[in-house]
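What you are looking at is a predicted structure, and each value in this text was computed from that prediction instead of being measured. We count residues from 1, following the sequence as given.
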Amino acid sequence: MTATTSDAAVPSEVRQLARGGAINLVGAGGSAVFTFATFVVAARLHTTAQVGAFTVAIAVFTILTQVAMSGAQVGFTRFISKDLESGNPERIGTTLKVGLRVVAVVGVVGGVVAWTLGDVLASMLGGDADAALVSDHLQFMAPAIPLAALFLALAFATQGLGTMVPAAATDKLGRAGLQLGLVALTGVVGARWLGAAWALPYALGAVVLAVWMRRLLLRVGATALPDPMPRAEARGRFWRFAAPRGLASTLQVTVLWADTIVIGALRGPE
């Protein structure tokens with residue numbers, strides 16, 4: 001059997017799955033390398049206390065971002081792919097609206113919590129100097145929480161449209177790589193800007209991914225026809241599926257990051 005014949009015998013769905021898996025693997029590997037390098041660079045450029053405070057702020061940022069997503073990312077992956085497969089692309093726009101509106105609102109609330117309670121949270125995590133470091137990082141990160149939640153939710157939505165490229169390019173590689181570069185830059189501008197260096201790539205990524213998402217929607221004809229499904233029905237089917245899974249995801253992420261906050265509170269950021 002020739003190579004051409006062999007390739008032709010493989011179903012297109014299998015080839016697409018293989019390509020998606022390979023892209024995701026490359027993205028995940030790149031993200032891991034960039035993230036590891038980011039913390040190595042931060043540790044080389046700044047004091048242990050400064051990097052510890054930065055890590056505690058990341059833990060709070062990550063938990064609040066996960067809360068803001070509310071499970072919408074899981075709902076997007078399920079319903080967008082389902083509507084596309086069933087020949088109802090006009091429902092995708094409604095699905096995005098009922099999900100992203102909640103993500104945006106809860107994200108803004110999370111940002112306000114991080115901003116207003118930054119001093120309170122920071123005071124629990126060490127002495128005056130350490131608390132000031134944590135507070136500075138949280139206040140720089142706070143405005144980016146709703147944008148980070150929208151960015152990550154949209155990354156899952158693009159996967160629902162059958163492509164891994166946008167998520168891998170913007171989140172796993174672009175965002176993580178830019179964070180590494182900006183954290184390295186704090187060696188010049190100072191440790192106080194570590195929080196901004198971590199948060200800014202999420203905000204930029206949200207803009208890039210929103211433009212990319214619009215192009216994907218036009219490509220599949222999601223904006224060509226009005227959605228006949230009532231908004232209330234669409235909202236119900238989406239959140240009945242997404243909310244319980246969002247709670248589970250939030251608890252999982254909280255468990256993963258809570259130890260960082262607890263150690264910071266008991267032993268100090270350093």
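Cluster annotation: V102 and M213 are assigned to the same hydrophobic cluster (Ile/Leu/Val/Met/Phe/Trp/Tyr, side-chain heavy-atom contacts under 4.5 Å, transitive). A chain of hydrophobic side-chain contacts below 4.5 Å, direct or via other Ile, Leu, Val, Met, Phe, Trp or Tyr residues, connects I63 to L256. If you chain together hydrophobic residues whose side chains sit under 4.5 Å apart, L84 and F79 fall into the same group. Cluster membership check: F156 does not share its hydrophobic cluster with V253, using side-chain heavy-atom separations under 4.5 Å among Ile, Leu, Val, Met, Phe, Trp and Tyr. Placement of V208 and V165 in two distinct hydrophobic clusters is found when ILVMFWY residues are connected by side-chain heavy-atom separations under 4.5 Å, directly or transitively.
One distance of note links CG of L161 with OG of S81; it measures 9.0 Å at 0.5 Å rounding. Separating the CG atom in L150 from the OG1 atom in T65 is a distance of 10.0 Å, to the nearest 0.5 Å. To the nearest 0.5 Å, atoms CD (Q179) and CG (L194) are separated by 11.5 Å. Taking CG from L173 and CG from L178, the interatomic distance works out to 12.5 Å, rounded to the nearest 0.5 Å. With rounding to the nearest 0.5 angstrom, the CG atom of L147 is 11.0 Å from the CG atom of L152. Here F54 contributes atom CZ and W198 contributes atom CH2; the two are 5.5 Å apart, rounded to the nearest 0.5 Å.
The side-chain hydrogen bond (donor to acceptor under 3.5 Å, both in side chains) test applied to T48 returns no partner, not counting sequence neighbours. Qualifying side-chain hydrogen bond (donor to acceptor under 3.5 Å, both in side chains) partners for T186, counting only residues two or more places apart in sequence or in other chains: H46. With sequence neighbours left out, the salt bridge (charged side-chain N to carboxylate O under 4.0 Å, His left out) criterion links R192 to D136. With sequence neighbours left out, E233 forms a side-chain contact (heavy atoms from CB on, under 4.5 Å) with M229, P230. Listed by chain and number, the residues in a side-chain hydrogen bond (donor to acceptor under 3.5 Å, both in side chains) with Q50 are T47 (sequence neighbours excluded). Partners of P166 by side-chain contact (heavy atoms from CB on, under 4.5 Å), not counting sequence neighbours, listed by chain and number: T158, T163, L209, W212, L216.
V51 and A42 get closest at one heavy-atom pair: CG2-O, 3.4 Å. Pairing each heavy atom of F76 with each of T95, the nearest pair is CE2-O, 3.4 Å. For the residue pair A49 and L133, the shortest heavy atom distance occurs at O-CD1, 4.1 Å. Contact record, I145 with A114: CD1-CB, 3.8 Å, taken as the closest heavy-atom pair. In this structure, A157 and L96 approach most closely via the heavy-atom pair CB-CD2, 3.9 Å. The two residues L100 and A153 have their closest heavy-atom pair at CD2-CB, 4.4 Å.
For the pair T94 (side chain) and I92 (backbone), a donor-acceptor distance under 3.5 Å is absent.
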Residues T254, Q66; criterion side chain to side chain contact (heavy atoms under 4.5 Å, CB included); working and verdict: CA-CA 9 Å; T254 301; Q66 187 67 38; over 6 Å; no
For Q73 and S249, what are the C-alpha separation, side-chain angles and deciding distance, and is it a side chain to side chain contact (heavy atoms under 4.5 Å, CB included)? CA-CA 10 Å; Q73 72 278 18; S249 298; 4.3 Å; yes
The test is side chain to side chain contact (heavy atoms under 4.5 Å, CB included); show your working for Q159 and I80 and say whether it passes. CA-CA 9 Å; Q159 294 176 24; I80 290 176; over 6 Å; no
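Residue pairs meeting the salt bridge (charged side-chain N to carboxylate O under 4.0 Å, His left out) criterion with at least one member in residues 56-84, sequence neighbours excluded, are D83-R237. Residue pairs meeting the salt bridge (charged side-chain N to carboxylate O under 4.0 Å, His left out) criterion with at least one partner in residues 164-173, sequence neighbours excluded, are D171-R175. Contacts classified as ring-ring contact (aromatic ring centres under 6.0 Å, His included) and involving residues 172-196 (residues at least two apart or in different chains) are given here: F140-W193. Note on residues 146-155: no pairs pass salt bridge (charged side-chain N to carboxylate O under 4.0 Å, His left out), not counting sequence neighbours.
Using bins of under 30°, 30° to 60° and over 60° for the plane-to-plane angle, the ring pair F151/Y202 lands in the perpendicular bin.
Through ILVMFWY side-chain contacts below 4.5 Å, W115 is grouped with nothing and stands alone. V40 belongs to a hydrophobic cluster with F36, counting contacts under 4.5 Å between side-chain heavy atoms of Ile, Leu, Val, Met, Phe, Trp and Tyr, direct or through other members.
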